[in-house]
There are 2 protein chains.
Amino acid sequence: MTEPPITLLIVDDHPVVRHGLHGIFASAAGFEVLGEAADGVTAVALAARLDPDVVLMDLRMPGGGGVEAIRDLSRRNPRCKVLVLTTYDTDSDTIPAIEAGATGYLLKDAPRDELFTAVRAAAAGRTVLSPAIAARLVSRVRSPATTTLTAREREILRLVAKGTPNREVAAILFISEATVKSHLTHIYAKLNVNDRAAAVATAYDRGILG
Amino acid sequence: MTEPPITLLIVDDHPVVRHGLHGIFASAAGFEVLGEAADGVTAVALAARLDPDVVLMDLRMPGGGGVEAIRDLSRRNPRCKVLVLTTYDTDSDTIPAIEAGATGYLLKDAPRDELFTAVRAAAAGRTVLSPAIAARLVSRVRSPATTTLTAREREILRLVAKGTPNREVAAILFISEATVKSHLTHIYAKLNVNDRAAAVATAYDRGILG
DNA sequence: GCCCCCATCATCCGATCGGATGATGGGGGC
DNA sequence: GCCCCCATCATCCGATCGGATGATGGGGGC
């Protein structure tokens with residue numbers, strides 16, 4: 001009995017990568033490449049039209065970042081699974097991509113068989129993660145800090161890290177001291193700390209500062 | 001008119017490196033290699049006996065670190081110049097070596113001519129620095145922070161970075177809160193900051209924490 | 001239209017901090 | 001023997017912080 005092939009959309013801004021992936025999957029049994037896109041916006045449009053089972057997506061692309069595209073895709077097309085293929089597993093977009101709805105996260109230099117397995121798993125709705133990403137997710141869950149400081153919060157934390165007292169932070173940002181304190185309270189809650197020194201340390205540890 | 005040759009002592013724990021340097025200087029006019037040593041202690045003893053003009057010294061050696069040997073050498077034998085030859089210019093011992101009395105600091109992969117020039121300069125009492133080291137020294141001078149926090153100060157700063165209030169730091173270390181504050185005051189002075197948040201940030205920036 | 005998040009602001013108050021000042025004992029270098 | 005640095009401690013006090021509580025307007029998602 002022959003299963004229907006898993007249909008694919010390949011999204012990457014590098015023609016060489018697109019061609020390479022296309023070739024790998026076209027020459028393997030059980031897969032059908034429906035199309036390619038070079039940026040997130042095109043990908044969303046193409047996915048709506050072609051309705052692929054799995055979208056293989058690069059994260060770093062000019063004109064339409066991958067994370068936004070993933071969010072759009074999984075909202076408009078919930079049946080379609082997004083498998084992120086990236087060069088580095090230390091990418092700061094890792095967690096946001098998964099939060100945006102990516103089903104899996106693989107390194108581009110994975111062997112062919114691993115790619116096939118991952119795509120089949122993704123098509124079946126299963127989650128596929130590289131070990132490094134898995135580990136990071138675990139630690140993320142363990143310290144359930146929302147981590148995502150807003151731009152304003154980061155701005156304030158950066159000033160605090162310079163030793164700026166609240167009153168001066170307020171003056172610099174043209175807001176009241178009460179607002180500064182309010183932001184700091186939110187920062188402490190998100191980073192799960194109790195004072196500015198620990199907030200700065202945690203921010204450095206997580207790459208928010210420095 | 002023939003100048004008397006510049007006499008050398010070569011100190012490195014790798015026989016291959018010693019042999020290589022020995023060969024380079026023995027085959028060049030104007031230099032005479034008086035001896036070799038494989039560690040700092042032997043180097044100090046040999047230098048006292050042979051009285052070389054210049055000691056070429058590796059920093060990283062088992063049994064008698066280079067920095068201590070430099071300190072001993074320049075104390076006992078002030079006429080003798082120490083030229084540090086190292087593999088990496090990012091070595092954390094760079095600054096200590098110079099503080100200990102090294103006249104110059106060169107990378108091992110410097111071309112032969114540069115070695116000759118450097119040794120002649122060192123023999124004449126001039127300072128020779130690779131550009132990277134020079135830059136680091138400049139930045140060191142610009143921010144005259146003594147940077148060298150004591151072990152106790154680092155211990156306290158580490159606790160502060162975790163958000164520990166002074167009173168708890170005191171309890172953890174079995175000292176009074178007054179002492180904690182005293183240490184913190186010293187830390188602030190050394191790092192040139194005014195509060196714990198900035199101290200933590202600066203410590204991260206300089207690699208003292210994190 | 002409702003809800004949530006973000007940025008903004010206000011007031012109150014106990015807790016904590018940081019600066020100033022001064023002091024002691026021990027260890028290492030000159 | 002003297003000097004300097006380090007670690008230790010004490011007291012005083014104004015400045016700053018952080019927690020609690022409550023409120024408003026605007027933007028985006030459902």
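In what follows, chains carry the letters A, B, and so on, assigned in the order in which the sequence lines appear, proteins first and then strands, with residues in each chain numbered from 1.
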> Can you tell me how far the CG atom of B/Leu73 sits from the SG atom of B/Cys80, to the nearest 0.5 Å?
Replying inline: 5.5 Å
> To the nearest 0.5 Å, what is the distance between CD1 (B/Ile156) and NZ (B/Lys181)?
Replying inline: 13.0 Å
> Which heavy-atom pair separates B/Ile187 from B/Ala199 by the least distance, and what is that distance?
Replying inline: CG2-CB, 4.3 Å
> Looking only at heavy atoms, which two atoms of A/Val160 and A/Val200 are closest? And how far apart?
Replying inline: CG1-CG2, 4.4 Å
In whole Å, what is the span from the [atom1] atom of [X] to the [atom2] atom of [N]?
X	N	atom1	atom2	value
A/Leu149	C/dC5	CG	P	16 Å
A/Arg152	C/dC9	CZ	C1'	13 Å
A/Leu173	C/dC9	CG	C1'	15 Å
B/His186	D/dC4	NE2	P	15 Å

>> With a cut-off of less than 4.0 Å, is there a side-chain N or O of A/His183 near OP1 or OP2 of C/dC6?
In response: no
> Nearest of D/dC6, C/dT8, D/dC9 to any side-chain atom of B/Lys190?
Replying inline: D/dC6
>> With side chain to side chain donor-acceptor pair (under 3.5 Å) as the criterion, how do B/Asp39 and B/Thr42 come out once you've worked through the C-alpha distance, each side chain's angles and the decisive distance to 0.1 Å?
In response: CA-CA 6 Å; B/Asp39 62 79; B/Thr42 313; 2.9 Å; yes
> Backbone N or O of A/Leu159 within a donor-acceptor pair of the A/Thr164 side chain at under 3.5 Å?
Replying inline: yes
>> Taking Watson-Crick (N1-N3 plus N6-O4 or O6-N4) and G-U wobble (N1-O2, O6-N3), each under 3.5 Å, can you produce the dot-bracket string of DNA chain D? Use [ ] for crossing pairs and | for inter-strand ones.
In response: ||||||||||||||||||||||||||||||
>> Regarding B/Asp13 and B/Arg18, does a basic nitrogen lie under 4.0 Å from an acidic carboxylate oxygen?
In response: no
>> Any carboxylate oxygen within less than 4.0 angstrom of a Lys/Arg side-chain nitrogen, looking at B/Glu155 and B/Arg152?
In response: yes
>> Treating primed atoms plus P, OP1 and OP2 as sugar-phosphate and everything else as base, which nucleotides of nucleotides 10-30 of chain D get B, S or - for protein heavy atoms under 4.0 Å?
In response: B-----SBBS----------S
